[in-house]
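Every chain is numbered from 1, with letters handed out A, B, ... down the list of sequences.
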Amino acid sequence: MLKDITIGQYFPGTSVIHRLDPRMKIVLTIVYVVLLFLVENLAGFVLSVVFVLAAYLIARIPVKMIAKSIKPILPILLFTMLLNLFFVRGTVIWQWGVLEITREGVRLSVLMVIRILCLIAGTSLLTYTTSPMTLTDGIERLLKPLGKVHFPVHELAMMMTIALRFIPTLVEETEKIMAAQKARGADMETGSLIHRAKALVPILIPLFLSAFRRAEELALAMECRCYHGGKGRTRMKQMHLAPRDLWALLLTAAALAAVIVCNIFFGSLYG
Amino acid sequence: MRPLIDIEHVTFSYPQENGQGIEVLHDITLQIPAGEFVAVLGHNGSGKSTIAKHMNAILLPMGGKVYFSGLDTAEEENLLPIRRQIGMVFQNPDNQIVSTIVEEDVAFALENLGIAPEKIRERVDEALRAVDMYHYRLHAPHQLSGGQKQRIAIAGVLAMHPRCIVLDEPTAMLDPKGRQEVMRVLHELHRQYHTTVVLITHFMEEAVQAERVVVMDDGKILLDDTPRAVFVQIDRLKAVGLDVPQVTELAAVLRAAGVNIPAALLTEDECVAALTAALEETDGNHTHA
Ligand SMILES: Nc1ncnc2c1ncn2[C@@H]1O[C@H](COP(=O)(O)OP(=O)(O)OP(=O)(O)O)[C@@H](O)[C@H]1O
Ligand SMILES: [Mg+2]
């Protein structure tokens, strides 16, 4: 059960998309999100769906993974859909009391759903094809210029790294503590919500105590290994843009341009 | 020549909320020359970890002085020069590994020191090979056994090319196999690179393998000699709550029972040899009679 928790849901692989520079992947994801918000007509929507599906195929990530990443936001999705469905004015095609559905409402809600699906699919692809550690490194290096205005880029990246490092350790520890409490007859799976919340206390307290002890020891070990913040620090792994990164950028930029061209020539579905 | 680690009349107490703390180190003087393999013994709370933390300026003495390779640990600007020459390894391997990838963890100290990337790569690979973990360089730490994790921690300090490694009970949380792996690596380093090793331990079998044994008791140094000279003092060791190696104890019991074997036996091999000799001798006596 706890073992099922994965962070970032990384699918190791060797596809071109996996091997793209993480900085480029982050930038491309942002470009794609911008593209989605520019789309105004059917041609543009077809293009954005084809684009993201093609990326999944190239990365060899099963397309059903999209369904999995959508599950948590399903309520929001439904809510926006209903909102669009019932509150857009236009040609009424169905009516019940004060509730009415218009042709425009149907169209807008379908388009909205497609847009959100593409958004989720596109951003999830980033975490499916990039390990959390690489992603952290990429973010750190992209944000580096912000360090000039005293934004704690290195510190944030370090915190993320340490969190990633310790999640498996703490999960394992939680399981041990739970097993120990169960062996003493603690019941954590039945009873009222309050009862179950109370049963968590004897798990959380030892867990927190141990986390604090670990933090203290880790800080000591880091200090012993000459850690003194991000100043003057170098990195073993350097990131270099390869030709494939530029090709990917070109392709995404072309898609963005195509969407803009479509907007000019085919007009807008939003009237 | 100056010893590598020079601890002179050090006293120390942990600061307490109510002002004055209890003194945990009383006037300690200890010199460790470069290239030595020293084991430090002592019961819980005798001040072993506290003295170790003085060696790389994690703690500063309240009285007295500590010099590492001639550098005063109390001087702020000596901090990094000292810490890059002395590696520390602690008991819990889980709490000293920083990164989610083995090779990146080994690179951590070098990255902190601002070394050029190609140079880091070279030293990381070299350190991983030295502890026989090169194959695991791309693994996540939580996929490794305790002994393997501890070897990664050792590789992490080795990559700095330190002159000295201080290990605070590095094998306490390991199974016998992990303990052996770690000890083998330490002896290998000592032999190949003449790295100075300070090993704090609770295992007498590990202390026996050192060149010198320092026994601490209540913030003082009780004994400081070769393993052989230390472990014959069974009564003194027992009085401060320490064990002696099983063979040494066996030898003492046998001697008390009138068997003619030397008192200072440290390893099983020695014991077997001495017992065989003693048996042959008694056999010889019987045939003569
Ligand atoms: N952070 C601290 N704050 C206050 N007192 C401490 C602290 N760390 C250790 N002490 C006390 O200092 C004394 C020496 O502790 P130290 O950790 O050096 O002993 P040790 O020989 O390493 O013991 P062990 O074998 O348990 O590791 C002990 O009495 C301990 O309670
Ligand atoms: Mg200790």
Side-chain angles (χ1 to χ4, degrees), chain A residues 2-3 5-8 10 12 14 130-137 140-141 154 157-173 175-176 210-240, chain B residues 49 52-53 55-59 79-101 103-125 137-138 140-143 149 153 156-157 159-160 162 165-166 168:
Chain A
L2 278 177
K3 284 215 179 70
I5 300 176
T6 49
I7 5 140
Y10 172 51
T14 52
T130 321
S131 78
M133 193 62 199
T134 316
L135 202 56
T136 309
D137 276 356
E140 177 176 11
R141 279 167 230 218
H154 165 76
M158 199 67 199
M159 272 162 58
M160 256 166 88
T161 305
I162 290 173
L164 290 171
R165 155 73 187 81
F166 276 90
I167 285 170
T169 310
L170 290 176
V171 166
E172 200 177 300
E173 182 150 34
E175 277 173 349
K176 266 191 213 150
S210 126
F212 279 120
R213 204 197 56 238
R214 282 181 195 282
E216 211 169 297
E217 285 185 18
L218 183 73
L220 177 65
M222 285 170 69
E223 214 180 324
C224 286
R225 288 163 77 186
C226 305
Y227 182 69
H228 53 281
K231 224 171 111 221
R233 210 171 125 77
T234 48
R235 300 304 302 272
M236 174 171 71
K237 288 193 184 138
Q238 298 294 305
M239 291 181 185
H240 299 288
Chain B
S49 302
K53 285 175 193 160
M55 295 177 184
N56 69 342
I58 292 293
L59 296 176
L79 213 63
L80 278 182
I82 290 176
R83 287 190 188 152
R84 67 189 303 166
Q85 294 187 67
I86 177 167
M88 275 255 192
V89 176
F90 297 94
Q91 187 181 91
N92 190 336
D94 268 329
N95 298 353
Q96 49 189 325
I97 295 181
V98 186
S99 180
T100 54
I101 304 168
E103 62 175 15
E104 288 196 6
D105 187 73
V106 175
F108 183 69
L110 301 179
E111 293 181 333
N112 290 335
L113 291 169
I115 291 173
E118 318 81 62
K119 191 98 194 150
I120 298 183
R121 182 81 256 174
E122 214 172 278
R123 290 222 212 157
V124 164
D125 289 349
R137 64 190 181 282
L138 295 178
H142 65 94
Q143 297 169 322
K149 278 187 239 180
V157 301
M160 295 195 292
I165 301 189
V166 178
D168 193 349

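By the 4.0 Å N-to-carboxylate-O rule, A:K237 lies too far from A:D137 to be salt-bridged with it. With salt bridges taken as basic N to acidic carboxylate O contacts below 4.0 Å, none links B:D105 and B:R137. Taking 4.0 Å as the cut-off between side-chain N and carboxylate O, A:R214 and A:E173 count as a salt-bridged pair.
Interface residue A:T161: backbone and side-chain heavy atoms are both found under 4.5 Å from chain B. With a 4.5 angstrom heavy-atom cutoff, B:K119 does not touch chain A via any of its atoms. Looking at B:V166, neither its backbone nor its side chain comes within 4.5 Å of chain A, counting heavy atoms on both sides. Of the atoms belonging to B:F108, heavy atoms from both backbone and side chain fall under 4.5 Å from chain A.
Taking A:R233, A:Q238, A:M222 one by one and counting their heavy-atom pairs under 4.5 Å with chain B, the maximum is reached by A:R233. Taking chain A as the reference chain and counting heavy-atom pairs below 4.5 Å, the highest number among B:I115, B:V157, B:I101 is found for B:I115. When A:H228, A:R235, A:E172 are compared by the number of non-hydrogen pairs under 4.5 Å with chain B, A:R235 comes out ahead. Options B:V124, B:I120, B:L113 differ in how many heavy-atom pairs under 4.5 Å they form with chain A, and the most are formed by B:I120. Between chain A and the residues B:M88, B:H142, B:Q91, B:M160, the largest count of heavy-atom pairs under 4.5 Å involves B:H142.
For A:H154, the ring-ring contact (aromatic ring centres under 6.0 Å, His included) partners two or more places apart in sequence, or in a different chain, are A:Y227. In this structure, the side-chain contact (heavy atoms from CB on, under 4.5 Å) partners of B:S49, at least two apart in sequence or on a different chain, are B:D168.
In this structure, the separation between CG on A:L170 and CD on A:E175 is 11.5 Å, given to the nearest 0.5 Å.
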